[in-house]
Amino acid sequence: MDIGTEFAVPASVPSPHKLEAPPGPLTRWLLEHRVQPEGPGGSEEHTKGHPWWQVMCLTGVDYFSTLSYLPGIAALAAGALSPFATLLIVALTLLGVLPMYRRVAAESPHGQGSVAMLENLLPFWKGKIFVLVLLGFVATSWIITITLSAADASVHVLENPLFPGFLKGHAVALTVGLLLVLGGVFLLGFSEAVVVAIPLVSVFLLLNAVVVGVGIADVVADPGTLSNWTGRLTSGGGGFGGIIGPALAAFPLLVLGLSGFETGVSMMPLLKAEGRTREEQLASRIRNTRALLTTAALIMSVYLLATSFITTVLIPPAEFEVGGRANGRALAFLAHERVGEGFGTVYDISSVLILWFAGASAMAGLINIVPRYLPGYGMAPEWGRAVRPVVLVYTAISIVITIAFGADVNAQAGAYATGILAMMVSGAVAVTISVIRRGRRLPAVGFGALTLVLVYALIANVVEKPDGITISLFFILGIVVISLISRVTRTTELRADRIEFDEAARRFITDCLAQDGQLHLVANKRQAGDRAEYDEKEEAQREMNPVPGGAHILFLEIDVVDPSEFSDVLHVRGVQVDGHQILRAESPAAPNAMAAILLALRDATGVRPHCYFEWAEGNPLGHLFRYLLLGRGDTPPVVREIIREVEPDPARRPVIHVGG
C-alpha cells in the first residue's frame with residue numbers, strides 16, 4: 001500500500017474508559033496532582049522541580065533532626081567511648097552508605113530506590129510478592145517515622161516548663177494534632193512542604209552550630225574537662241578491645257541516624273532537572289541528587305563528630321541516664337547550661353518544630369514510591385496515584401497507630417529501627433548485585449562488606465527489640481492482603497493505557513472494511529501457528545457461529561507474557577500466514593486485551609466489530625483461578641463482561657458470539 005494511503009485506524013488509539021459523570025469541585029481538587037507510573041513512561045507532574053538544596057532541607061528535617069537525640073543515645077550506649085562509636089558511623093556514612101546511595105540514585109532516577117533495583121531479580125508473581133514485602137518495610141519505616149517524630153515532638157513540649165501546663169497528660173491528643181497539621185501541609189502541596197522545611201532546617205543547624213562553637217570554646221578554656229574524659233577512657237583498661245567493644249555495641253543504635261539517605265533518594269522526582277531531552281534531564285537529576293546526598297552527609301558527619309565530642313566531655317555521665325536532665329536531649333541540655341536559658345528555650349522550640357516536621361520527609365517518600373507500584377500492579381485503586389487522597393490515608397493510619405501506642409516513643413522505636421535497617425539492607429544487596437553483574441570486583445567486595453555490617457545491625461536490633469519485626473510483619477501482611485483484594489476487584493478493567501497498531505495491522509483492518517464494510521474477528525489461541533491451524537479454525541467457526549459466508553476474517557491472538565503485570569501499552573501487530581491475516585498482541589491478560597482492542601476498533605472506525613469464540617472445556621472455578629493467576633481462562637464471558645462494564649449502551653457494544 002502506498003505511503004499516502006489513508007488507514008481506517010490511527011497508529012494510536014486512547015484506551016476507552018467507562019463513562020462517568022463529571023466530578024465535583026472537591027473531587028477535582030483531590031485528584032488534581034497524580035504520581036505517574038515508574039519507568040521511562042512516567043513523569044512527575046504532581047510537583048514542580050526545586051533546587052537540590054531546597055529538597056535537601058525537606059529530607060533534612062528527618063536526617064538532621066536526629067541531632068536532637070543521637071548524641072545522647074551514643075553517650076548512654078558507649079559512655080566515654082561515644083566519640084569513637086560516632087566515628088564508626090561517620091566512616092560508614094562516607095565510605096559505605098554515601099557511595100551506595102549515589103549508585104542507587106543513578107540506577108533508579110525516578111525515585112523508587114532499591115525496590116526498583118531488586119524488582120527484576122524475581123520473575124512473575126514472585127517478583128510482585130517480593131516488592132510487596134519491601135513496600136511493607138518501607139511503610140513500616142516511614143509511617144512509624146511520622147508517628148514517632150510527632151510523638152517525640154510532643155514529649156519535648158510536655159517536658160518543657162515554659163509550655164502551657166494544661167497540655168500535661170494529653171500526649172496522644174497533642175500528637176494527633178501535630179499529625180493533622182502535617183497532613184494539612186501536604187494537602188496544600190509539595191511546594192508548601194519545601195517552603196516550611198527550609199527555615200526549620202536552617203535555623204536548627206544554625207542553633208546547633210552555636211552550641212558546638214560554645215562547647216568547643218568551653219573545652220579549650222577548661223582543660224580539666226578534657227583530662228576528666230581521657231581519665232574515663234583509660235580507667236576501664238582493656239586496650240583496643242576495650243574501646244572497640246562498646247563502640248560496636250552502640251553501633252546498631254546509631255545506624256538509625258542514616259535514615260535520611262533513603263528519603264533523599266525517594267525525593268528525586270522533586271528535583272529540578274535541566275536539559276532539553278529526557279536523557280539530559282535524568283542525567284541532571286542524578287547529578288543533583290548526588291550533590292544533595294553528598295552535602296547532607298558531609299554536614300551531618302561534621303555535626304555528629306562535634307556534638308558527640310562536646311556532649312561526652314562536658315556533660316556528667318549521670319545526666320544521660322533515665323531521669324537525667326540530658327536523657328534524650330543532650331544538646332538541649334548544653335544549650336541551656338552553656339549558652340543561656342533564653343537561647344535554650346529557642347533551641348527547644350526549634351527542636352520541637354523540626355521533630356514534628358521530620359515526618360514530612362517520610363510522607364514525601366511514601367507519596368513518591370508506593371503509588372508508583374500498587375496501582376500499576378492493580379493492587380490499589382487508580383485514585384491511589386493521586387497525592388491528596390493518599391495523604392489522607394497515610395494521615396489516618398498514623399493517627400490510628402498513635403492512638404494504639406499511646407504516643408509512646410519507646411514503644412514505636414523497635415518498628416522504626418527494623419524498617420529503616422531493612423530498607424538499608426535491601427539497598428546494599430541491590431548495589432552489591434549490580435556491581436557484581438558489571439564485573440567490578442573491588443566495589444563488589446566493599447559493598448558486600450557493607451551489606452554484612454547492615455545485616456549485623458538489623459539482627460542486633462531484632463534481638464534487642466523483637467516487637468519491631470512483629471509490627472513490620474503486620475504492615476507487610478496488611479499490604480499483601482489489601483493488594484490482592486484490590487487485584488481481584490479490578491480484574492474486569494480494560495488494563496490498557498492505550499492501543500497502538502503497526503502498519504500491517506492497520507492495513508488489514510482497512511482492507512477488511514473496504515471489502516465488507518464490517519469487521520469479523522475470530523479469537524484464536526495459537527498452537528503451531530501454521531496454515532493448517534488457521535484453515536481448521538476458520539472452518540470450525542463458520543460452522544458453529546453465524547459468520548457471514550463471504551465475510552473476510554481477521555484472527556485475533558493474545559500472547560500472555562507476564563500475568564503478574566496489570567496494565568501497559570497494548571501493541572497490536574499485523575501478521576500474515578499463507579493468506580490468513582492475524583492481529584497479534586502481548587498482554588498480561590487475554591480477555592482484557594481483546595476487549596480493549598475491540599472497543600478501540602469500534603471507536604476508531606465507527607463500526608461494531610463481531611468477535612467469534614468457542615466455549616472452553618473444564619471446571620468454571622478452575623478457569624476463574626487460571627484467569628486471575630495466569631491471565632487465561634474461559635475467555636468469552638470475561639470479554640463480554642469487561643465490554644459491558646465499559647460501554648453502558650448495548651447498541652454500541654462490540655458483538656460477542658460463542659459456539660461449540
Determine which pairs satisfy salt bridge (Lys or Arg N to Asp or Glu O under 4.0 Å) with at least one residue from residues 93-104, sequence neighbours left out, and list them in order.
none

Summary of salt bridge (Lys or Arg N to Asp or Glu O under 4.0 Å) pairs that have at least one residue in residues 105-115, sequence neighbours excluded:
E107-R438

Do side-chain atoms of [X] reach the backbone of [Y] as a donor and acceptor pair under 3.5 angstrom?
X	Y	value
T93	I89	yes
Y303	L205	yes
S284	A273	no
S141	F137	no
T311	S308	yes
S426	M423	yes
T147	I401	no
W229	A80	yes
T230	S227	yes

Heavy-atom distance under 4.5 Å between the side chains of [X] and [Y], does that happen here?
X	Y	result
P71	L331	yes
T470	F474	yes
M300	T66	yes
N208	F204	yes
V463	I459	yes
M268	L292	no
I354	V203	no
V219	F309	yes

Show, in sequence, the C-alpha distance, side-chain angles and deciding distance for T289 and L293, and conclude whether the side-chain contact (heavy atoms from CB on, under 4.5 Å) test is met.
CA-CA 6 Å; T289 302; L293 296 173; 4.1 Å; yes

Shortest non-hydrogen contact between [X] and [Y], atoms and distance:
X	Y	result
G96	F447	O-CE2, 4.1 Å
V313	T225	CG1-O, 3.6 Å
N288	E274	ND2-OE1, 3.8 Å
P99	L94	CD-O, 3.5 Å
G136	I476	CA-CG1, 3.7 Å
G215	I310	C-CG2, 4.0 Å

Assess whether side-chain contact (heavy atoms from CB on, under 4.5 Å) is satisfied between R232 and T312, documenting all intermediate values.
CA-CA 11 Å; R232 287 159 52 203; T312 304; 4.2 Å; yes

Spacing of [X] atom [atom1] and [Y] atom [atom2] [to the nearest 0.5 Å]:
X	Y	atom1	atom2	answer
R441	I436	CZ	CD1	11.5 Å
T432	L450	OG1	CG	7.0 Å
D218	L314	CG	CG	6.0 Å
K465	I471	NZ	CD1	10.5 Å
S472	L477	OG	CG	12.5 Å
Q281	I286	CD	CD1	12.0 Å

Do Y394 and W142 make the cut of ring centroids closer than 6.0 angstrom?
no

With a 6.0 Å cut-off on the ring centroids, do Y63 and F261 count as close?
yes

side-chain contact (heavy atoms from CB on, under 4.5 Å) assessment of T451 paired with V431
CA-CA 9 Å; T451 302; V431 170; over 6 Å; no

From the list V194, L271, L58, side chain to side chain contact (heavy atoms under 4.5 Å, CB included) partner of H50 resolves to V194

Show your working on side-chain contact (heavy atoms from CB on, under 4.5 Å) between L298 and V302 and close with a plain yes or no.
CA-CA 6 Å; L298 291 174; V302 171; 5.7 Å; no

Could you verify whether a donor N or O on one side chain and an acceptor N or O on the other, from D62 and T145, lie under 3.5 Å apart?
no

Run the ring pair (Phe, Tyr, Trp, His ring centres under 6.0 Å) test against F357 and tell me which residues pass, sequence neighbours left out.
none

